[in-house]
Amino acid sequence: MEQRSQSIEFEDNDRLRALVGSEDENLSFIESRLGVDIALRGNRITITGDDPEVTFAKTTLRYLYSQLPRIKEVKSDDIEEALRIASTMVNVDDPIIKGKDKHNVSISTKRKIVFPKSSNQASYVEAMQNCELVFGVGPAGTGKTYLAVAMAVSLLLAGKVERIILSRPAVEAGEKLGFLPGDMREKIDPYLRPLYDALHDLLQGDQVIKRIGAGEIEIAPLAFMRGRTLSNAFVILDEAQNTTPMQMKMLLTRLGPNSRMVITGDLTQVDLPHGVKSGLKDALHVLHGVSEIGFTFFGEEDVIRHPLVAKIVHAYQNQP
């Protein structure tokens, strides 16, 4: 995605010094929360990054500046408050979020604030806010797994769920769990690496380890989910295209009180044995008429990784 820059000039140098903080620490804090680059030159601050993060950072800085010198010294709590207030001031005419609830267009965790990068991502976030069961289907690099983990972390930190349950079928390149070394945790870990990567991006590393140890984040092999009722939890099934219809039905019927479930997958990357129907494809057919379920279908235009990834996806989807 093409990056953009916006600049703001501040007239009062004393208020500007308080705004940026000692050694520009306040600017660094905002950079880490929003994933933007902020440069100070004289009385001008330039913000570079993706939208809507750039606009969000600009709104946050303007709000903080307006509160000086009333708050005298800007602290991290003041910045967090400004970020929350700025989230209600996002331009609702932005084509990504037009027609969406502006309170739902971002996902906040303690480490960063995550914004949708396309209209489909905005619809996906909105679906996860409003539906107990959501399907996110599309090619690699569209953010379907990362946004699901971000939503799960946000609800866990807000106390709206008691635990996060991460699951993924172990069907990769012909491997079977029984042939891999180690105990079950060590066997399943390689398959869940993308989920771990997202967790570490959204939570401090020690928090990930602590919450896994406390059972607040649970790694649950799909094969071991039978017979359970998943209550007060945010459940994510990743790579769902590699489930069988029986496995998919089994997982979907585990959903318990005060729980949410997000199913992600890419129907162009099915690794099941020849002749075995994908549980994800079957579920989309069976459940398409259930109004309480959210469905988001991503395309190559939603790919947010390296620009070359979108071209690779396009080439494979349009090969003769």
Side-chain angles (χ1 to χ4, degrees), residues 1-8 19-21 23-40 45-64 74 76-91 94-97 100 102-122 124-126 128 140-158 194-205 207-208 298 301-310:
M1 180 173 288
E2 185 178 355
Q3 292 198 325
R4 60 174 298 186
S5 294
Q6 290 190 38
S7 296
I8 329 170
L19 175 67
V20 303
E23 299 182 354
D24 299 346
E25 62 181 356
N26 295 336
L27 301 185
S28 297
F29 186 91
I30 296 172
E31 284 180 326
S32 66
R33 294 287 271 129
L34 298 180
V36 297
D37 293 320
I38 304 178
L40 174 65
I45 291 178
T46 301
I47 308 159
T48 305
D50 298 333
D51 255 346
E53 284 91 336
V54 168
T55 301
F56 195 91
K58 184 177 180 180
T59 303
T60 300
L61 287 168
R62 280 179 168 167
Y63 175 79
L64 284 169
V74 176
S76 60
D77 287 346
D78 299 313
I79 300 175
E80 292 288 2
E81 180 185 6
L83 289 166
R84 287 192 295 272
I85 291 173
S87 71
T88 69
M89 302 166 66
V90 176
N91 179 10
D94 188 307
I96 290 178
I97 62 174
K100 308 295 180 187
K102 60 186 176 181
H103 293 281
N104 286 349
V105 297
S106 64
I107 304 171
S108 181
T109 71
K110 286 186 176 179
R111 193 165 189 179
K112 70 191 309 182
I113 297 174
V114 181
F115 290 87
K117 304 293 187 183
S118 69
S119 59
N120 277 334
Q121 284 197 358
Y124 185 49
V125 170
E126 189 175 48
M128 288 190 290
T142 51
K144 54 190 184 294
T145 299
Y146 185 87
L147 287 171
V149 175
M151 183 64 71
V153 169
S154 177
L155 293 182
L156 179 67
L157 295 177
L195 298 171
Y196 279 125
D197 290 344
L199 282 171
H200 282 278
D201 194 45
L202 296 159
L203 286 170
Q204 297 290 346
Q207 281 293 307
V208 175
F298 297 95
E301 68 277 6
D302 298 303
V303 173
I304 57 172
R305 291 181 184 169
H306 192 286
L308 186 57
V309 174

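We're numbering straight along the sequence, starting at 1. Everything numeric here is computed off the predicted structure, so don't read it as measured data.
How far CG of L199 is from CD of Q204: 13.0 Å, rounded to the nearest 0.5 Å. Atom CG of L155 and atom CE of M128 lie 9.0 Å apart (nearest 0.5 Å). I113 contributes atom CD1, which lies 7.0 Å from atom OG1 of T60 (distance to the nearest 0.5 angstrom). Between the CG atom in L203 and the CG atom in L157 there is a gap of 5.5 Å [rounded to 0.5 Å]. Atoms CD1 and CD, on I30 and E80 in that order, are 10.0 Å from each other to the nearest 0.5 Å. To the nearest 0.5 angstrom, T142 atom OG1 is 9.5 Å from E301 atom CD.
When atom types are taken as modelled, the side chain of T109 and the backbone of L202 share a donor-acceptor pair closer than 3.5 angstrom. No donor-acceptor pair under 3.5 Å is formed between the side chain of R33 and the backbone N or O of S28.
Of all heavy-atom pairs spanning I38 and E31, the tightest one is N-OE2, 2.7 Å. Nearest heavy-atom pair across A140 and V303 is O-CG2, 3.7 Å. The two residues A57 and V36 have their closest heavy-atom pair at CB-CG2, 4.3 Å. Between Q121 and D302, the closest heavy-atom pair is NE2-O, 4.2 Å. Across every non-hydrogen atom of P116 and A122, the tightest pair is CB-N, 3.4 Å.
For the pair F29 and S76, the minimum side-chain heavy-atom distance is below 4.5 Å. Side-chain contact between I45 and V20 is present, with at least one heavy-atom pair separated by less than 4.5 Å.
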Next on the checklist: Assess the residue pair L34 and F115 against the criterion (side-chain contact (heavy atoms from CB on, under 4.5 Å)); give the C-alpha distance rounded to whole Å, side-chain angles, the decisive distance to 0.1 Å, and a yes or no.
Outcome noted: CA-CA 9 Å; L34 298 180; F115 290 87; 3.9 Å; yes
Item to check | side-chain contact (heavy atoms from CB on, under 4.5 Å) between L61 and L19, intermediate numbers included | outcome: CA-CA 8 Å; L61 287 168; L19 175 67; 4.2 Å; yes
Next on the checklist: Set out, in order, the CA-CA distance, both residues' side-chain angles and the distance that settles side-chain contact (heavy atoms from CB on, under 4.5 Å) for I79 and L64, then state yes or no.
Outcome noted: CA-CA 7 Å; I79 300 175; L64 284 169; 4.1 Å; yes
Item to check | Evaluation steps, side-chain contact (heavy atoms from CB on, under 4.5 Å), between L83 and F56 | outcome: CA-CA 8 Å; L83 289 166; F56 195 91; 3.4 Å; yes
Which atom pairs, one a donor and one an acceptor, fall under 3.5 Å between side chains of residues 143-154 and the rest of the protein, sequence neighbours left out?
from	atom 1	to	atom 2	distance (Å)
K144	NZ	G138	O	3.0
K144	NZ	P139	O	3.0
T145	OG1	D238	OD1	2.7
Y146	OH	D201	OD2	2.4
S154	OG	S108	O	3.1

